[in-house]
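Read the structure below first, then the notes.
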Amino acid sequence: MFKHIMNKIIEAKERAADSNSPSLMKEEELNGVLFGKYEIRRLIGIGGFAKVYEACHLLTKQIVAIKVVNKQDVTEQSLSMEAANMRRLNHPHIVKLYEVLTTETKIFLVMELAKGGELSDILVNGGPFSQDQYRRWLQQLISAVQHCHSRGVFHRDLKPENLLLDEKLDIKVSDFGWSATTEDIRPDGKFHTLCGTPAYMAPEMINREGYNGDKVDVWQCGVVLYVLTFNALPFNGPDALTTMREISRGLVWIPHWVRPESLRHLIKRLLDPNPKTRITIDEILKDPWFREGYTEIKLTSCHLKI
Ligand code: ADP
């Protein structure tokens, strides 16, 4: 079964590499003014399928991020799904999508700019951070995930690389490339797509049982909290196949020295291999370790400035 799953992942990666690398990555960097209104300032990131630029909206002077994708590199349907799912969301800890622009060959997602880069980078280069800071990040993440679920969106690829930071070091959840909505659920009431990143996949996804998007997102928040606490992944084999085998066995080792005990308890509840007994978002919001210093994150009515 694992070989079959791995072949699928490798095939998908090869398809992505074949279709992706030759076009956008070889092109010159964008510069000048786009669509008469966005002045490109600099390249800030390169993803599997996209280049992301910092730009300035000439009229309002608002600084934005513009993700540029070549139409030939992705199916237009997958990118419009990502955009449509982002459009449903409006939360202070989720990257806001402002508008989608297209030319004959390219698609441009104009988004809120997260100036602080990826959480994964700051963990490596900026730490150590206090437990209070980790708790604050988890609180912001859980609030964002709760908002996604309330709008029928499941992220399915939560990991520190997809958690961007703003200038105040607050979380901005990004990259909805693997997200799905309640409309994508199969007639049996579950999702079946194997997706995301192996070290962050929930056991029920790997075991091909069919899964609930909310349970998978909660599991991934558990992996993020584990990484924040121990600076290591809970499941980390020498290759993706071994990592997925470890996850499917469901035995997570939580170092005994972790204090307070309430933090250890929460990690255990988040990384419960059984999705039926895994902690829910409502329960997380009542958890003693999580609640410390928690003030409910208010949704602004709208933070569209453009
Ligand atoms: P892909 O979906 O092709 O992997 P990503 O969405 O991961 O592309 O973006 C590529 C890079 O651009 C990432 O490394 C990320 O750090 C950066 N990035 C993406 N969106 C933003 C944003 N809104 N603000 C700042 N940086 C961003």
Side-chain angles (χ1 to χ4, degrees), residues 9 12-13 15-27 29-30 34 38 40-57 62-87 89-101 106-126 137 140-141 144 153 155-180 195-198 200 220 224 303-306:
I9 292 178
K13 278 193 174 159
R15 268 204 309 277
D18 280 354
S19 61
N20 170 46
S21 45
S23 68
L24 190 69
M25 300 312 151
K26 276 190 187 163
E27 282 179 16
E29 281 179 26
L30 285 182
L34 279 183
Y38 293 107
I40 298 289
R41 290 199 163 167
R42 64 187 180 101
L43 180 69
I44 48 176
I46 297 182
F49 297 92
K51 282 184 179 170
V52 179
Y53 294 88
E54 182 182 308
C56 176
H57 185 252
Q62 186 171 352
I63 308 298
V64 295
I66 304 187
K67 179 166 172 171
V68 186
V69 180
N70 269 356
K71 283 183 179 172
Q72 72 178 80
D73 293 342
V74 292
T75 61
E76 236 173 288
Q77 195 199 3
S78 70
L79 204 71
S80 55
M81 279 277 285
E82 178 176 349
N85 295 349
M86 282 181 86
R87 266 209 201 286
L89 308 169
N90 185 10
H91 187 277
H93 298 297
I94 299 175
V95 166
K96 184 80 199 152
L97 178 68
Y98 294 135
E99 65 173 326
V100 181
L101 298 163
K106 289 184 170 44
I107 305 175
F108 302 82
L109 302 189
V110 182
M111 302 177 286
E112 179 181 8
L113 175 74
K115 286 199 185 121
E118 297 174 10
L119 178 62
S120 48
D121 284 339
I122 202 163
L123 288 176
V124 175
N125 304 314
W137 281 328
Q140 295 173 350
L141 172 61
V153 176
H155 190 285
R156 304 194 300 182
D157 197 16
L158 295 166
K159 55 179 179 177
E161 291 81 351
N162 287 339
L163 304 179
L164 304 182
L165 298 168
D166 66 13
E167 61 278 18
K168 291 185 286 176
L169 285 194
D170 285 340
I171 296 266
K172 299 277 175 184
V173 176
S174 82
D175 201 348
F176 284 75
W178 280 121
S179 65
C195 61
T197 307
Y200 290 81
Q220 293 179 340
V224 170
H303 47 268
L304 271 181
K305 290 190 197 137
I306 289 170

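All ligand and atom numbering here is 1-based and tracks the order in the structure.
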[Y] side chain reached by [X] side chain, heavy atoms, under 4.5 Å:
X      : Y      : answer
His57  : Tyr98  : no
Trp178 : Thr197 : no
Ile63  : Glu54  : yes
Arg87  : Val100 : yes
Leu30  : Lys51  : no
Glu82  : Lys67  : yes

Atoms of ligand 1, numbered as shown, that sit under 4.0 Å from any heavy atom of [X]:
X      : value
Ile44  : 25 (C), 26 (N)
Ile46  : 10 (C), 11 (C)
Ala50  : 3 (O)
Met111 : 20 (N), 23 (N)
Gly45  : 11 (C), 12 (O)
Ala65  : 22 (C), 23 (N), 24 (N)
Gly47  : 1 (P), 3 (O), 4 (O), 8 (O), 10 (C)

Inset, instruction - Would you indicate which of Glu112, Glu118, Lys172, Lys51 comes nearest to atom 15 (C) of ligand 1 when only heavy atoms are counted? - result: Glu118
Under 3.5 Å: donor-acceptor pair, side chain of [X], backbone of [Y]:
X      : Y      : value
Asn125 : Asp121 : yes
Gln140 : Ile171 : yes
Asp175 : Gly177 : yes

Inset, instruction - Say whether Tyr200 and Glu161, considering side chains only, have a donor N or O and an acceptor N or O under 3.5 Å apart. - result: no
Could you tell me whether [X] and ligand 1 have an N or O pair separated by under 3.5 Å?
X      : answer
Lys67  : yes
Asn162 : no
Phe49  : yes

Heavy atom of the protein closest to [atom] (residue, atom name, distance):
atom                    : value
atom 21 (C) of ligand 1 : Leu164 CD1, 3.4 Å
atom 7 (O) of ligand 1  : Asp175 OD2, 3.5 Å
atom 12 (O) of ligand 1 : Val52 CG2, 3.3 Å

Inset, instruction - Report yes or no: does Gly48 have a heavy atom closer than 4.0 Å to ligand 1? - result: yes
Legend entry - Contact partition for Ala114 relative to ligand 1, non-hydrogen atoms under 4.0 Å: both
Legend entry - Which segment of Val69 sits under 4.0 Å of ligand 1 when only heavy atoms are counted: neither
Inset, instruction - With side-chain contact (heavy atoms from CB on, under 4.5 Å) as the test, would you mind laying out the steps for Ile66 and Val52 before giving the verdict? - result: CA-CA 5 Å; Ile66 304 187; Val52 179; over 6 Å; no
